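All values reported here derive from a predicted model rather than from experimental measurement. Each ligand, and each atom within it, is numbered from 1 in the order the structure gives.
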Amino acid sequence: MHSIKRPTDIFPELHRLEQSLGRSILTKIEHPLLTHHAVELWLKRDDLLHPIISGNKWRKLKYILADALSLDSNTLISMGGAYSNHLHALAYTGKILGLKTIGIIRGEHPEPLTPTLLEMKHWGMELRFVSRSDYRQLRGYKHWNSLPGIKPNQYWLPEGGASGLALKGIAELVAEIDMPYDVICVACGTGTTMAGLINAVNPQKSVLGFAALKNAGFLQADVQSLLADNFHNGVIIHDYHFGGFAECNDTLASFMKTFTKENFIPLEPVYTGKMLYGIFDLLTKGYFKPGQRIIAVHTGGLQGNRGYPDV
Ligand SMILES: *Cc1c(COP(=O)(O)O)cnc(C)c1O
């Protein structure tokens, strides 16, 4: 008998890690505005998967890790900012799986290190700080062994874990949704998760991506570059970045505070807070049709709240 093996069957350490994850349930959001517009909103709680390898970071990493293990790599290298959820998750995962990790960080070594960077270092990640222009250049290396100077046994993950393998993990998120829906929403950094949703959902459903960055015009092409076919059912919304990546103002902070108080669901202002603010704003503008059911992905990232003592 020959059966197709899943990556977690082949690598027991990956299997153990997956077994330790929490369950990503669907939570129904109640709000008078939703009732008024006859729209249902459910949150896919990927924030519950793991406190550190949270949300879409686990989804994106799973098949990349399996690939690295199958190539006998002993070192994972990637890039991100000083608060990067991606590098934070990668550093912790490396520690759990017994792999070395190297994080290439945008900008100067902050003094003191951010709590995120401190933990990454504590978990054994080697931190390398590079100028913004060098960082931009690194974005061009997309393939696992394309990084200049990469050594045998080292495995390169492009920014945000943007790769075809990441899409496979996002497809598992989609497969877990066991109810009909019309629209699926997600926050976008690199747009990899959005590409994964577009790739996996029935093309009748629309995928709304909420850009977390200002001037994120690159997203359209970046999402497209991860997909085999031209996409028609995905829309990137640029109106809810609140002034730029990781920017937060009183309007957003008070929206999040109320949302958390009413639903007992923690948010963070970089991604999910902005997405949900956007969903409610679009709702009041009549963007959604009566009778529609929206699924919004809670992509986790709650560790990033340490950068916002007032939120
Ligand atoms: C990284 C991250 C995103 C963005 O994911 P992309 O695939 O890069 O678009 C969204 N939400 C949270 C919480 C994240 O940490």
Side-chain angles (χ1 to χ4, degrees), residues 24 43-64 78-93 103 106 116 120 139 142 157-174 184-200 207-213 216-227 234-238 240-242 245-246 248 256 265-279 296-308 311:
S24 167
L43 268 193
K44 174 78 174 129
R45 301 289 307 283
D46 269 19
D47 58 309
L48 298 176
L49 289 174
H50 192 280
I52 297 159
I53 319 167
S54 82
N56 62 342
K57 299 305 180 274
W58 164 252
R59 303 287 188 181
K60 291 198 284 184
L61 282 174
K62 177 176 168 184
Y63 287 91
I64 294 175
S78 195
M79 62 193 287
Y83 294 92
S84 169
N85 292 330
H86 164 68
L87 287 182
H88 192 249
L90 188 72
Y92 188 79
T93 310
R106 181 181 53 227
T116 307
M120 284 153 49
R139 286 199 172 122
K142 306 283 190 196
L157 290 72
E159 189 180 42
S163 85
L165 289 167
L167 306 199
K168 286 179 77 173
I170 308 292
E172 295 185 347
L173 176 173
V174 172
I184 186 161
C185 298
V186 74
C188 293
T190 62
T192 309
T193 309
M194 182 183 188
L197 295 179
I198 293 171
N199 179 55
V207 181
L208 293 190
F210 291 81
L213 284 82
F218 62 86
L219 273 173
Q220 185 77 20
D222 283 6
V223 169
Q224 186 63 71
S225 73
L226 290 162
L227 295 167
V235 178
I236 297 162
I237 294 172
H238 294 276
Y240 302 102
H241 56 67
F242 284 82
F245 187 64
C248 182
M256 288 172 42
I265 297 171
L267 303 175
E268 48 71 55
V270 184
Y271 296 106
T272 46
K274 290 180 180 177
M275 169 191 68
L276 279 165
Y277 184 95
I279 291 172
V297 183
H298 192 322
T299 40
L302 297 167
Q303 69 91 17
N305 272 336
R306 293 177 298 186
Y308 300 87
V311 169

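- In this structure, a donor-acceptor pair under 3.5 Å is absent between the side chains of Lys142 and Ser163.
- Scored by the side-chain hydrogen bond (donor to acceptor under 3.5 Å, both in side chains) test, Lys60 finds no partners at all (sequence neighbours excluded).
- Pocket lining of ligand 1, defined as residues with a non-hydrogen atom under 4.0 Å away: Asn56, Lys57, Lys60, Asn85, Ala187, Cys188, Gly189, Thr190, Gly191, Thr192, Thr193, Tyr271, Thr299, Gly300, Gly301.
- With sequence neighbours left out, Ala195 forms a side-chain contact (heavy atoms from CB on, under 4.5 Å) with Leu167, Val223, Leu226, Leu227.
- Note on residues 162-172: pairs passing salt bridge (Lys or Arg N to Asp or Glu O under 4.0 Å), not counting sequence neighbours, are Lys62-Glu172.
- Among Met275, Glu268, Lys274, the one residue that satisfies the side-chain contact (heavy atoms from CB on, under 4.5 Å) test with Tyr271 is Glu268.
- In this structure, Leu43 CG and Leu276 CG are separated by 5.5 Å, a value rounded to the nearest 0.5 Å.
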